[in-house]
Amino acid sequence: MANVGGVSGAQLRQFIERIERLEEEKKAIADDIKDVYAEAKANGFDPKIMRQVIKVRKMETQERQELEALLDVYLHALEGGDAAGEAGEGDTAA
């Protein structure tokens, strides 16, 4: 192929074809992952939770600890407690 406007047609075609092959491989892998989730679900596992586990496992230890600490703080705040400990735990309002 000739150079058109300073662009090598042959080189461009090689890049495009490589990308197309990789896109096909990516789709095949995505289909395989979908099949694994379906198999896990058929065996009683929750795919939504499995995705969360995978997401957490990808995190660095410190990032995961920060996430867990913030989740704990937020959940305690929503429940009306404080993050340092449940002040007045067991007390009932009259």
Side-chain angles (χ1 to χ4, degrees):
M1 265 188 189
N3 285 347
V4 178
V7 175
S8 167
Q11 188 177 29
L12 177 60
R13 178 178 301 280
Q14 288 176 348
F15 285 129
I16 296 297
E17 289 173 352
R18 279 175 55 195
I19 291 168
E20 289 171 341
R21 279 192 305 275
L22 291 169
E23 289 290 344
E24 288 173 13
E25 290 176 26
K26 183 170 73 170
K27 184 184 179 326
I29 290 171
D31 289 342
D32 290 346
I33 291 170
K34 182 179 174 184
D35 291 344
V36 172
Y37 278 117
E39 183 179 347
K41 184 175 183 176
N43 282 284
F45 294 98
D46 186 333
K48 184 176 178 180
I49 301 303
M50 291 173 63
R51 283 182 171 83
Q52 287 296 316
V53 169
I54 291 168
K55 181 179 175 181
V56 168
R57 285 173 49 103
K58 288 180 183 179
M59 292 180 181
E60 296 290 332
T61 302
Q62 183 176 352
E63 183 182 7
R64 181 172 50 233
Q65 290 170 344
E66 289 174 9
L67 173 67
E68 290 170 354
L70 281 173
L71 281 170
D72 188 50
V73 168
Y74 283 25
L75 290 171
H76 278 82
L78 288 173
E79 294 168 359
D82 74 276
E86 295 289 331
E89 199 170 60
D91 292 346
T92 57

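These numbers come from the heavy atoms of this one structure, side chains and all, not from hydrogens, waters or symmetry mates.
Electrostatic pairing of E24 and R21 does not count as a salt bridge here, judged by no charged N lying under 4.0 Å from a carboxylate O.
Across all non-hydrogen atoms, the minimal contact from R64 to R57 is NH1-CA, 4.1 Å.
Residues that satisfy the side-chain hydrogen bond (donor to acceptor under 3.5 Å, both in side chains) test with E66, not counting sequence neighbours, are Q62. Partners of L70 according to the side chain to side chain contact (heavy atoms under 4.5 Å, CB included) rule, which considers only residues two or more places apart in sequence or in another chain, are Y74. Considering only residues two or more places apart in sequence or on other chains, E60 meets the salt bridge (Lys or Arg N to Asp or Glu O under 4.0 Å) condition with none of them. Judged as a side-chain hydrogen bond (donor to acceptor under 3.5 Å, both in side chains), and not counting sequence neighbours, K58 has no contacts. With sequence neighbours excluded, the residues that form a salt bridge (Lys or Arg N to Asp or Glu O under 4.0 Å) with K27 are D31.
Put simply, I19 and L12 are part of two different groups of oily side chains (I, L, V, M, F, W, Y) that touch within less than 4.5 Å, one to the next. I49 and V36 fall into different hydrophobic clusters, defined by Ile, Leu, Val, Met, Phe, Trp and Tyr side-chain heavy atoms under 4.5 Å apart, directly or through other members.
Distance CZ/R18 to CD/Q14: 8.5 Å, rounded to 0.5 Å. The line from NZ of K48 to NZ of K41 is 11.5 Å long, rounded to the nearest 0.5 Å. Taken to the nearest 0.5 Å, the CG atom of L71 stands 8.0 Å off from the CD atom of E68.
With side-chain heavy atoms closer than 4.5 Å counting as contact, directly or through intermediates, the hydrophobic cluster containing M50 also holds I29, I33, Y37, F45, I54.
Side-chain contact between L22 and E25: present, with at least one pair of heavy atoms (C-beta onward) separated by less than 4.5 Å.
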